[in-house]
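Written below as structure tokens is the structure these notes are about.
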Amino acid sequence: MKKPSDGLEILIEDEDLVGLVKPAGLPTANAARGDESVFTLLQRRFRPGAFVGIVSRLDAPVSGVVVVAKTRPAAAHLAEQFRNRAVEKAYGAVVEGRFPAPLGQWLDWHDAISRRPDERRSVLHRPAGPLRTQDDRTNIPLDDDDDEGDAIAARPAHVRARVVRRAGEVSLVELEPSTGRRHQLRLQLAARGCPIVGDRLYGARLPYPGGIALHARRLRLSHPRTEEPLVLEAAWPGEWGRRFPALFPGSGRS
């Protein structure tokens, strides 16, 4: 049963884990001193000195499902599932621009992503042939074969993506990543001319107060103790229905 906890929507909780919905604008962990995060809110919720195991993260501007371990064995088991890509992840995004496929058609994007430690933005590398160092439309950094410098080695980034609804200058896109690179979905969409609404870092023009229009909709994994399948799913943010009513007909309050 869902219940609020210090601003967090709790989807499930037992002795091993807690599944919750993180609001946009709240860091998962490692917030600046004095700022709140999922980690600090759960520290207050649990008994003093209780273990809070962050096994996966969402960027602070992103909303959606997060799972947190309550014991060290559960943390190890869950982390292994994420590491071995045994967790199925589904996201939704409201994007600008024209998605490069007809409605409902799934695309597979196989890229690679790297980032220099001193830079905010990650860099996308596509697998076939050299590219310009910038995309003219989105100002997104792309790879230059001879300009790796001190960049962290590029790592594979894969996602399945499709557009499910269009309305004027925005579209609702579903995404199923099999990898979890830093800023992966934000960068892969923006590099194809479809930045996420509110994501000024990667070229978006339209504002989205408090975050960006990217939502972790569903996680499918195994329970760390029972091994039973566990599906954690969050409704679309209520703000999306109010802000983009044509994309969410009949759901202005959901």
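Heads up: numbering here begins at 1 and tracks the sequence.
For Ala157, the side-chain contact (heavy atoms from CB on, under 4.5 Å) test picks out Ile113, Thr179, Arg181, Gln184, Gln188, with sequence neighbours left out. Remark: His77 engages no residue in a ring pair (Phe, Tyr, Trp, His ring centres under 6.0 Å) (not counting sequence neighbours). Judged as a side-chain contact (heavy atoms from CB on, under 4.5 Å), and not counting sequence neighbours, the contacts of Asn84 are Glu80. Considering only residues two or more places apart in sequence or on other chains, Phe244 meets the ring pair (Phe, Tyr, Trp, His ring centres under 6.0 Å) condition with none of them. Not counting sequence neighbours, the partners of Asp35 by the side-chain contact (heavy atoms from CB on, under 4.5 Å) test are Ala31, Ala32. Checked against side-chain contact (heavy atoms from CB on, under 4.5 Å), Arg243 has the following partners two or more places apart in sequence or in another chain: Pro207, Tyr208, Pro209, Glu239. Listed by chain and number, the residues in a salt bridge (charged side-chain N to carboxylate O under 4.0 Å, His left out) with Arg162 are Glu174 (sequence neighbours excluded). For the salt bridge (charged side-chain N to carboxylate O under 4.0 Å, His left out) test, residues two or more places apart in sequence or in another chain that qualify with Arg160 are Glu176. Under the rule for a side chain to side chain donor-acceptor pair (under 3.5 Å), Arg200 has no partner lying at least two apart in sequence or in another chain. Residues passing the salt bridge (charged side-chain N to carboxylate O under 4.0 Å, His left out) test with Arg220 are Glu88, sequence neighbours excluded. In this structure, the side chain to side chain donor-acceptor pair (under 3.5 Å) partners of Glu169, at least two apart in sequence or on a different chain, are Arg205.
The side-chain heavy atoms of Pro100 and Cys194, taken from C-beta on, include a pair separated by under 4.5 Å. Side-chain atoms of His110 and Pro156, non-hydrogen and from C-beta on, never get closer than 4.5 Å to each other. Taking the side chain as every heavy atom from C-beta outward, Phe99 and Arg166 approach each other to under 4.5 Å. You'll find the side chain of Leu42 reaches within 4.5 Å of the side chain of Leu20, heavy atoms only. Counting heavy atoms from C-beta outward, Pro177 and His158 have side chains that stay 4.5 Å or more apart. Side chains of Trp109 and Leu107 form a contact here, defined as non-hydrogen atoms less than 4.5 Å apart. Under the 4.5 Å side-chain criterion, counting only non-hydrogen atoms from C-beta, Trp240 is not in contact with Pro245. A 4.5 Å side-chain heavy-atom check between Arg45 and Thr40 finds every atom pair outside the cut-off.
From Leu17, atom CG reaches atom CG of Leu230 across 6.5 Å, with rounding to the nearest 0.5 Å. Rounding to the nearest 0.5 Å places CG of Leu214 at 10.5 Å from NE2 of His183. Atom CG of Leu189 sits about 5.0 Å away from atom CD1 of Ile196, to the nearest 0.5 Å. How far CG of Leu221 is from CD of Glu228: 12.0 Å, rounded to the nearest 0.5 Å. Note that OG of Ser222 is 5.5 Å distant from CD of Glu227, once rounded to the nearest 0.5 Å. For the atom pair CG (Asn30) and OG1 (Thr28), the distance works out to 9.0 Å, reported to the nearest 0.5 Å.
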So Val67 and Phe82, side chain to side chain contact (heavy atoms under 4.5 Å, CB included) or not? Walk me through it.
CA-CA 11 Å; Val67 62; Phe82 279 99; 3.9 Å; yes
- [ ] Just do the salt bridge (charged side-chain N to carboxylate O under 4.0 Å, His left out) check on Arg155 and Asp111 with the steps written out, would you?
- [x] CA-CA 8 Å; Arg155 304 173 68 190; Asp111 303 308; over 6 Å; no
**Message:** As a quick check of understanding, evaluate side chain to side chain contact (heavy atoms under 4.5 Å, CB included) for Phe248 and Leu172, giving each step before the final call.
**Reply:** CA-CA 9 Å; Phe248 300 92; Leu172 176 63; 3.8 Å; yes
Stepwise side chain to side chain contact (heavy atoms under 4.5 Å, CB included) test for Arg44 and Glu36: CA-CA 11 Å; Arg44 287 206 300 271; Glu36 296 286 17; 2.9 Å; yes
Exercise for the section: Walk me through it: do Val231 and Leu219 pass the test side chain to side chain contact (heavy atoms under 4.5 Å, CB included)? Expected result: CA-CA 6 Å; Val231 179; Leu219 287 178; over 6 Å; no
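Between the Arg217 side chain and the Ala90 main chain, no donor and acceptor come within less than 3.5 Å of each other. Checking side-chain atoms of Lys70 against main-chain N and O of Asp14 turns up a donor-acceptor pair under 3.5 Å. Ser171 places no side-chain N or O within donor-acceptor distance of the main-chain N or O of Val163, the cut-off being under 3.5 Å.
Closest non-hydrogen pair, Pro224 versus Asp16, comes out as CG-CB, 4.1 Å. In this structure, His125 and Ser114 approach most closely via the heavy-atom pair NE2-OG, 2.8 Å. Across all their heavy atoms, Pro23 and Leu8 have their closest contact at CD-CD2, 4.0 Å. Closest approach of Leu175 and Ala161 over heavy atoms only: CD2-CB, 3.8 Å.
Under the 4.5 Å side-chain contact rule for hydrophobic residues, Val164 and Trp106 do not share a cluster.
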Side-chain donor-acceptor pairs of residues 46-64 under 3.5 Å, sequence neighbours excluded:
residue: Asp59; atom: OD2; partner: Arg186; partner atom: NH1; Å: 3.1
residue: Ser63; atom: OG; partner: His215; partner atom: ND1; Å: 2.7

